[in-house]
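Notes follow once the structure below has been shown.
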Amino acid sequence: MAIERKVIEPEKIEAQREICAKIFERVTADGQRPLAMVDTYGCQQNEADSEKIRGYLAEMGYGFTGDEFQADVIVVNTCAVREHAEMRVFGNVGALNHTKKARPGQIIAVCGCMVQQEHIARKLKLSYPIVDLVFGPHELWRFPELLLQVMDRHKRVFAAEKSDGVVAEGIPQSRDGKVKAWLSIMYGCNNFCTYCIVPYVRGRERSRRPEDVIAEARELVAQGYKDITLLGQNVNSYGKDLDCGVDFADLIREINAIPGDFLIRFMTSHPRDATEKLFKTMAECEKCAHHIHLPVQSGSDRILKRMNRHYDRARYLEEVAIARRCMPDLVITTDIIVGFPDETEEDFADTLSLCEEVRFDAMFTFIYSKRVGTPAATMPDPYTREQKQVHFDQLTELANRISGEKHKEYEGRTLRVLVDGETGKEPWNLSGRTNGGRLVHLQGDKALIGQFADVTITASNTWALYGELHLPL
Ligand code: SAH
Ligand code: SF4
Ligand code: F3S
């Protein structure tokens, strides 16, 4: 049975924006512009959330700084997916002791996926007295209200109750950059892969209404964005909770119909729900990039079953074959976990052979990290960290070799590349992306940023391509 979809009424968001105006009056009263810093960990969803936090802060009158000693408000938006990310957050929040000492009125907020875990919220409460405000992802829509409480009461505020999640439209968003934009189409996850914390901290799957997504896409195109990435933990199940007859492929088709020269990308697609309809739609929609990030996690059927992934190796390979039939130039990237509990030499050999078979353009590899409260955390895990590291290094070497070989195949070809930014390094001062999302280093005038240009690839390595721009006459 579908769970109730909790939508925050527009009046409530309006009320939050009124609070922003109130805070504005207060913090700009002395004629000075206050400064805020938003520090983001984790995935693109978190990047998109941070853009909303910055959107609210901008309405409150804050400018932005990257220097924590200059900031009146610091927001640390955290990720819980692996232990390493959590350790970094604790280290960096701990270090804010110094900035708060130097700047006693400074307000420090910690939000995001980590704090939605009870043991973490407790730890922040007990051991990090410098933290004034803690709020989970489901409370982001009322950040202005929570911040005002901290300002008014001079008391610490904690808001990270258990929740299945909400959908909130109309939160202002301050996007980073003018070329690439994140567009969340859904939130949460229902898959409960046994290793993963995301469903516990991000709540159940909720899709935004297609008309809201399309309106936002139109606005982005009108603002000149050239590369729009549709975001969700599992975009292939978009719309299943809406009963409006629009699935993910239909949504792509509708966004493709928006006039303008731009690219549509998306992440992430779960192999369990990827359909031939999606691949055909990608092939038919001229604005849809020929790239799919299709995390396989493992090449071993035994491990995939224990991960609760709902597909096996044969099905994954079949999907890749169908996708490539629809788009022979498709770029395929993936995520792989090494050292899942009880992963044997044989299981790992299956992962290596799958990678050889698919030949991914790029692979994101992770050593399994135990997450409190997930089913995998209680599975017996007889292998040591050192043993896992040996496999990890082997896999990385394979990934790098294949990426290097694939990149070599681009040399001599001329491709359409979106010039997307400056690198700050000479002589390759510009960066761009191919349609399939591969990084291209370029040399040229920064006025080209935001434009599509023909580029001949002249050199390559494991991580990137190097190209020569053909300038229009
Ligand atoms: N929703 C996306 C993944 C989001 S998390 C999907 O299912 O494709 C991004 C990646 O982090 C995952 O694909 C997985 O490879 C990795 N990951 C998640 N939990 C992990 C854990 N406990 N240990 C190590 N890697 C993990
Ligand atoms: Fe985590 Fe699996 Fe959901 Fe991805 S699909 S967010 S790996 S539970
Ligand atoms: Fe991390 Fe939360 Fe994203 S756990 S990977 S920031 S959804």
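For ligands, and for the atoms within them, numbers begin at 1 and follow the listed sequence.
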What residue and heavy atom of the protein are closest to [atom], and at what distance?
atom	value
atom 6 (C) of ligand 1	Thr268 CG2, 3.8 Å
atom 23 (N) of ligand 1	Ser369 N, 2.9 Å
atom 4 (S) of ligand 3	Ala80 N, 3.2 Å
atom 2 (Fe) of ligand 2	Cys193 SG, 2.3 Å
atom 5 (S) of ligand 1	Val81 CG2, 3.9 Å
atom 4 (C) of ligand 1	Gln233 OE1, 3.3 Å
atom 14 (C) of ligand 1	Gln297 OE1, 3.5 Å
atom 2 (Fe) of ligand 3	Cys113 SG, 2.3 Å
atom 3 (Fe) of ligand 2	Cys189 SG, 2.3 Å
atom 7 (S) of ligand 2	Tyr195 OH, 3.3 Å
atom 19 (N) of ligand 1	Tyr195 CD1, 3.3 Å
atom 5 (S) of ligand 2	Asn191 ND2, 3.4 Å

ask   = Contact between Gln44 and ligand 1, counting heavy atoms under 4.0 Å?
value = no
inquiry  = I'd like to know if Ile337 contacts ligand 1, where contact means a heavy-atom distance under 4.0 Å to any ligand atom.
reply    = yes
Kindly assign one of parallel, tilted or perpendicular to the pair [X] and [Y], based on the angle between their ring planes and the thresholds 30° and 60°.
X	Y	answer
Phe348	His391	parallel
Phe360	Tyr316	tilted
Tyr200	Phe192	perpendicular

ask   = Which is closest to atom 16 (C) of ligand 1 by heavy-atom distance: Arg82, Gln45, Arg309?
value = Arg82
query = Quick one: which of Asp335, Val296, Asn236, Ile336 has a heavy atom closest to atom 9 (C) of ligand 1?
reply = Asp335
Tyr128 side chain reached by Leu96 side chain, heavy atoms, under 4.5 Å = no
Heavy-atom side-chain contact between Asp335 and His293 under 4.5 Å = yes
Taking the basic N atoms (NZ, or NE/NH1/NH2) and the acidic carboxylate oxygens, is any pair closer than 4.0 Å for [X] and [Y]?
X	Y	answer
Arg438	Asp361	no
Asp241	Arg204	no
Arg401	Glu397	no
Glu139	Arg142	yes
Glu59	Arg17	yes
Glu284	Lys280	no
Arg208	Glu216	yes

[X]: numbered ligand 2 atoms lying under 4.0 Å from its heavy atoms:
X	value
Cys196	1 (Fe), 6 (S), 7 (S), 8 (S)
His270	5 (S)
Phe192	8 (S)
Pro199	8 (S)

remark   = Note: Ile367, heavy atoms under 4.0 Å from ligand 1, region reported as backbone
remark   = So for Arg371 against ligand 1, with non-hydrogen atoms under 4.0 Å, the contacting part is side chain
request  = State the atoms of ligand 3, each with its element, that fall below the 4.0 Å cut-off from a heavy-atom position in Cys79.
outcome  = 1 (Fe), 4 (S), 5 (S), 6 (S)
ask   = Which ligand 3 atoms are under 4.0 Å away from a heavy-atom of Cys43?
value = 3 (Fe), 5 (S), 6 (S), 7 (S)
message = Is it the case that the ring center of Tyr225 lies less than 6.0 angstrom away from the ring center of Phe262?
response = no
request  = Nearest 0.5 Å please: distance from the CG atom of Asp132 over to the CD1 atom of Ile108.
outcome  = 6.5 Å
ask   = Arg309: heavy atom below 4.0 Å from ligand 2, yes or no?
value = yes
Which atom of Gln16 lies closest to which atom of Tyr56, heavy atoms considered = CB-OH, 3.7 Å
key: Trace of the salt bridge (charged side-chain N to carboxylate O under 4.0 Å, His left out) decision for Lys406 with Glu409   = CA-CA 5 Å; Lys406 288 225 140 183; Glu409 291 165 14; 5.6 Å; no
query = Considering only heavy atoms of Pro295, which atoms of ligand 1 have at least one such atom less than 4.0 Å away?
reply = 8 (O)
ask   = In ligand 1, which numbered atoms sit nearer than 4.0 Å to a non-hydrogen atom of Tyr368?
value = 23 (N), 24 (C)
query = Given that the side chain starts at C-beta and the backbone is N, CA, C, O, which of these parts of Gln233 lies under 4.0 Å from ligand 3, counting heavy atoms, or is it both or neither?
reply = side chain
request  = For the residue pair Gln394 and Gln389, confirm or rule out a side-chain donor-acceptor distance under 3.5 Å.
outcome  = no
task = Mark the output for Arg202 as yes if a heavy-atom distance to ligand 3 is under 4.0 Å, and as no if none is.
result = yes
